[in-house]
> 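Sharing a structure with you now.
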Amino acid sequence: MNSQDENDAFEAAASLPPASLSARALAARPMPYLDGLNPAQLEAVMTLDGPVLMLAGAGTGKTRALTARIVHLMAERRARANEILAVTFTNKAAREMKDRVARMMGHAAHAQDTGMPWMGTFHSLSVKILRRHAELVGLKPNFTILDTDDQLRLLKQLIAAENIDDKRWPARMLAGFIDHWKNRAWTPGKVPSSEAGAYNNRGTELYAQYQERLRSLNAVDFGDLLLHCVTIFRAHGDVLAQYQRWFRYILVDEYQDTNVAQYLWLRLLAQGHQNICCVGDDDQSIYGWRGAEVGNILKFEKDFPGARVIRLEQNYRSTPHILAAASGVIAANAARLGKTLWTEAEEGEKVRLIGHWDGEEEARWIGEEIEAISRGTRGWDPVGLNRQAILVRASHQMRAFEDRFLTIGLPYRVIGGPRFYERQEIRDAMAYFRLAVSPDDDLAFERVVNTPKRGLGDKAVQRIQTEARAVGMSLLEGARSLLAGGGLTGKGAGQLRQFVEGVDRWHGAVAQTRPAPAEAVIEPMFPDTPAANDLSHVRLAEVILEESGYVSMWQNDKTPEAEGRLENLKELVKALEQFDSLQGFLEHVSLVMENDSEDAAEKVSIMTLHAAKGLEFPVVFLPGWEDGLFPSQRSIDESGLKGIEEERRLAYVGITRAEVLCTISFASNRRVYGQWQSQLPSRFIDELPVAHVDVLTSPGLMGGGYGAAAPAGFGGGFGGGFGSGIEERATKADVYNSPGWRRLQDRQAARPAPKPRPQTIDIAADGAWTVGDRVFHVKFGYGHITGIEGDKLDIRFEKAGEKKIVSRFVMPADVPF
DNA sequence: CCTTACTGGCTTTTT
DNA sequence: GCCAGTAAGG
């Protein structure tokens, strides 16, 4: 795409004298991207040389400053586009940055390959680097990137070969250790002896074996992408020097999330010129569990002497009450760089706090709140569903909301849920594609030789493996050799022959659609160019899926999910259109395991707190603030005080996602592993500053009862409790904080096996049912009885269809419960 | 070799 | 309560 005008603008800007901070200089030059920046942001944008640490609190416009800085670097002619490296953690962040830079530069988004800085995730950039120098770590440039699934299968094989009982020493555990070591940039030889006890003393040894195996498979896992780059940079000064010359200015987003390997990666690259600008917020460091080191940001000034530290503290997102609540919580953390967020926003509502009887009631209450808020019946302006979110600590909490929202027909979307590319059918299909692209991909071979069933069980696969090892070749070749030698007979043999021939055919077809994969991958930074002329890799994909029998496998499947799987396969093939080859697609998918189908419909978002980082919503619900759940018990057990501090930062992230209304809630009882458990309110609740919190009367715990609050549209019960008198709020807050309230909780905790508030009425048990009655079921919603059989009812639900339900699970619809 | 029934282990969080 | 992985039966 052409952008001559914009280039002219840059030429014009560049011919002017060098930058200075003086107002006159600013006024004299066309730098619209600086408009509206506050002094701190401006400083962060204009301080181009030397190390800069931008401490950017939540909602302080750091992305704005970051992108302006990139554009400024170019406008000032400090660097050409390809001399700037901007690193993010997530693909989403990278995309957003690209878009915003492009927009600021005046280009259309996704404009062209040239003229844009290097922007990407640590992982995607590492792949590009690694492909160029693969041989330096014993790989070929077309190495494959394994996902966790492949990784686990590989480890299981190693474990089995060592006769280790994987019941007692699960592969996941070993994977955890290896991941941990790679995050610290420890190659097998460099793992310190303090780790020797890992995985029953066998950890390091198996790590070495695993790496060897990866090399022989010409494969890497996620951790390797960083690790290999660091290894290369360290061992080959000439290569490093080349990249140091190339990337003259480096910018890093979310610096607080970097692990040791990433830190080294950056430090090595920035070593010469020291032109590195790291943006981060120590208070939002929430990835310690996957190796992130808050320490990296805390010691930045030590690592880069003379660093300029710039604090962005003006918050443009939230109301003062919300900020104060968040600040109050985070203040309890010890190791902080310290920031004071402030805002010019109007006061708004206090943070609301409410306790519930159990998790289901919590979900019910939140559902009703969301509906009320979206309709504007709450006394505030209506806030659409797209602008409301529920942020949970752990994904299993989502179910309660999904169940409830399904029942009441409230549209929702789960963000970061089960991912498209992690679905079984997608991975199977991808394995076929992988095999077509590189027939020697043993892991792919293993995955699909017997999918669909080809009469090749464990025994047959084992024989193929032995044969492959004997001839020293891939499984495919092993299979070929086995067939040729008549080592396999019967039904399986014929089908295996077909399979092998299929792979050969598909591989031939791939070669025809596109030659020379390895070298071609390196240069284009933004390979997402539209499909090219060739004999359509899209069609080839369809052919593969059909000829392999994979499609018919699902077509013949009678289970209810089969249809959806076929749909997903169609979607997969459609996604291929965006790429110009199968291998390009595979590369993309291995790095971008995401699934954000853009859909415009109004829906409430449900996601984890982790997934919510970087997002904002006018209305935010934070359920499940209970000790053990949040802060999570596991986090406490594994990391003690450090763990709690990280959880607290998570709380901080949660609260600061809210723009105008933030509601925290907890339940006294919750089902854990199907068992009812008493819960205590989270310790973080005690840290909320009372002056900024409204304690709502809980429908289940304090008077009123659920019936008073529920279907009648918030007429009674706690409905009038908020938005009204100030003195009442103070009292309630006091009540909550009083020892008595705690004792109430304690008493509930002491109660044996608490049950959910009864949701059925006893007449149900008496057989007082008549065909045609309208009934309500917690999960399936409303319906009519179409038949009665003892204590089982046939019910036609309005939303969920026909079901047979034991009568005590439903209640008469028209009786207020 | 494939299907079914059962058991046990477990759930943070993800590039 | 759910899934994966295993044991037994077809």
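Labels below follow one simple rule: chain letters A, B, ... track the order of the sequence lines, proteins then strands, and each chain is numbered from 1.
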> Specify whether A:F247 and A:W118 have parallel, tilted or perpendicular ring planes, treating 30° as the upper limit for parallel and 60° as the lower limit for perpendicular.
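Ring orientation of A:F247 relative to A:W118: perpendicular.
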> Of the nucleotides C:dG5, C:dG1, B:dT15, which one has an atom closest to the side chain of A:T121?
B:dT15
> Ring of A:F122 versus six-membered ring of B:dT15: centres under 5.5 Å and planes under 30°?
no
> Base, sugar-phosphate or nothing for A:Y673? Non-hydrogen atoms, less than 4.0 Å.
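Answer is base: heavy atoms of A:Y673 come under 4.0 Å of a base.
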> Can you pull out every side-chain hydrogen bond (donor to acceptor under 3.5 Å, both in side chains) where at least one residue sits in residues 152-161 of chain A? Sequence neighbours excluded, please.
A:D150-A:R153, A:Q157-A:E446
> Would you call A:R427 and A:D147 a salt bridge, taking side-chain N to carboxylate O under 4.0 Å as the test?
yes
> Relative to A:W186, does A:R184 satisfy both conditions: NZ or CZ under 6.0 angstrom from the six-membered ring centre, and within 45 degrees of the ring's axis?
yes
> Would you classify A:K613 as touching base, sugar-phosphate or nothing, given that sugar-phosphate means primed atoms plus P, OP1 and OP2, and contacts are heavy atoms under 4.0 Å?
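The answer is nothing, as A:K613 stays clear of every strand by at least 4.0 Å.
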> Ignoring backbone atoms, establish whether A:K92 has a side-chain N or O less than 4.0 Å from OP1 or OP2 of B:dT15.
no
> Counting primed atoms plus P, OP1 and OP2 as sugar-phosphate and everything else as base, spell out the protein contacts along nucleotides 1-6 of chain B at 4.0 Å heavy-atom distance: B, S or - for each nucleotide, 5' to 3'.
SSS---
> Taking 4.0 Å as the cut-off, does a side-chain nitrogen or oxygen of A:S590 come that near to OP1 or OP2 on B:dT15?
no
> Not counting sequence neighbours, which residues clear salt bridge (charged side-chain N to carboxylate O under 4.0 Å, His left out) with A:D179? List them please.
none
> Of the candidate nucleotides B:dT14, B:dT11, B:dT15, which contains the atom at the shortest distance from the side chain of A:T90?
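It is B:dT15.
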